[in-house]
Amino acid sequence: MASFVRIAAASLEGDACAVACRLLGARLVRVTEQGVRSGFIVETEAYRQGDPASHSCRGTTPRNHSMFERPGIAYVYFTYGNHFCLNVVCEPPGIGAAVLLRALEPELGKAEMASARGGRERDLTNGPGRLCQALSIDRTLDGTDLLSSDELFLAAGPVIPQDAIVATTRIGISQGQDRPWRFLLPANPWVSRPLPQGGGRLGTNPGTTATASP
DNA sequence: ATACAGATCATCT
DNA sequence: GATGATCTGTATT
């Protein structure tokens, strides 16, 4: 059994954009009877308090109540009649802010991911619905504490330099389209889609490239 | 390469 | 009845 170093609670607390950047490079780990599946987070989106694109912006419902829980809680929602998406809550209870995990670079358990999902290897985890299917994440995991759970948790990964991160506008929303709150590692082949025009690096060294692999 | 319909359900008007 | 933090298969440039 692989050993993982859990990520510090403090790294999940704070502004959703900051946490979204901090989560890049971290591992998402899923443990079932099938074994261990894990991947490096290579793409995230921030959904903040008062954000018109966020499920939290019109208050709690039975669907989204876990988004108003404490940092480190998983918000898993069902959408478009077919798909689940996984978020990490990042603000104190009652605020309603979270980071959507949009793409992973597969690490362990690729065969189990493929059997859970089918399709091409390249499409295993490059999208929020796909990664949930590959890791067998559904609404039964809504509300899971990603800091303490043994079946779904976050673990440390390689440190990603700020200048390897690009911020772009978010995907699939109709409100708040101007906000550049999608964060990705543009050199990594597992992102859900290539850079649109208008993305900007956060750091100061535009020549740098990086992948999430250690 | 892009463009669409269809799946199928929680939530809102 | 419409919309949506999506993905797939099929059709067309």
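Below, read A as the first sequence line, B as the second, and so on, with proteins coming before strands; counting in each chain starts at 1.
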Please find the earliest and latest nucleotides of DNA chain C, in the 5' to 3' direction, that have an atom within less than 4.0 Å of any heavy atom of chain A. dG4(C) to dT8(C)

Kindly say whether Val42(A) contributes a backbone atom to a donor-acceptor pair with the side chain of Glu105(A) at under 3.5 angstrom? no

Could you tell me how far dT2(B) sits from dA5(C) if I compare only their P atoms? Round to whole Å. 23 Å

Base-pairing string, 5' to 3', of DNA chain B - Watson-Crick or wobble, under 3.5 Å, | interstrand: |||||||.||||.

Check the hydrophobic clustering (I, L, V, M, F, W, Y; side-chain heavy atoms under 4.5 Å; chains of links allowed) and say if Leu23(A) and Leu104(A) are grouped together. yes

Could you give me the CA-CA distance, side-chain angles and deciding distance for Cys85(A) and Leu100(A), then say whether side-chain contact (heavy atoms from CB on, under 4.5 Å) is met? CA-CA 7 Å; Cys85(A) 295; Leu100(A) 171 69; 3.8 Å; yes

Report which part of the nucleic acid Ile173(A) touches: base, sugar-phosphate, or nothing (heavy-atom distance under 4.0 Å, all strands). sugar-phosphate

For Gln133(A) and for Ser174(A), locate the closest nucleotide of DNA chain C by heavy-atom distance; then report the residue assigned to the nucleotide nearer the 5' terminus. Ser174(A)

Separation of dT8(B) atom C1' from Asp138(A) atom CG, nearest Å, is 17 Å

Under 3.5 Å, is there a donor on one side chain and an acceptor on the other for Arg130(A) and Asn126(A)? yes

Base, sugar-phosphate, or nothing for Asp123(A), non-hydrogen atoms under 4.0 angstrom? nothing

Stepwise side-chain contact (heavy atoms from CB on, under 4.5 Å) check, His83(A) with Cys132(A): CA-CA 8 Å; His83(A) 303 291; Cys132(A) 284; over 6 Å; no

Check ion pair Arg63(A)-Asp142(A) (N to O, under 4.0 angstrom): no

With sugar-phosphate meaning primed atoms plus P, OP1 and OP2, does Arg139(A) contact a base, only sugar-phosphate, or nothing at under 4.0 Å between heavy atoms? nothing

Please report the C-alpha distance between Leu86(A) and Leu135(A) in whole Å, then the side-chain angles of each, then the deciding distance to 0.1 Å, and finally whether the side-chain contact (heavy atoms from CB on, under 4.5 Å) criterion is met. CA-CA 11 Å; Leu86(A) 171 64; Leu135(A) 269 57; over 6 Å; no

Contact list for DNA chain B against residues 68-83 of chain A - heavy-atom distance below 4.0 Å: Phe78(A), Tyr80(A), Gly81(A), Asn82(A)

Using heavy atoms to find the nearest nucleotide of DNA chain C for Ala98(A) and Arg117(A) separately, return the residue whose nucleotide is more 5′. Ala98(A)

Single hit among Arg170(A), Arg179(A), Gln175(A) for side chain to side chain donor-acceptor pair (under 3.5 Å) with Asp51(A): Arg170(A)

Considering only NZ, NE, NH1 and NH2 on the basic side and carboxylate oxygens on the acidic side, decide whether Arg30(A) and Asp138(A) come within less than 4.0 Å. no

The reported gap from CG in Leu131(A) to CZ in Arg102(A) (rounded to nearest 0.5 angstrom) is 9.5 Å

Have a look at Ser136(A) and tell me which of Glu151(A), Arg37(A), Glu112(A) forms a side chain to side chain donor-acceptor pair (under 3.5 Å) with it. Arg37(A)

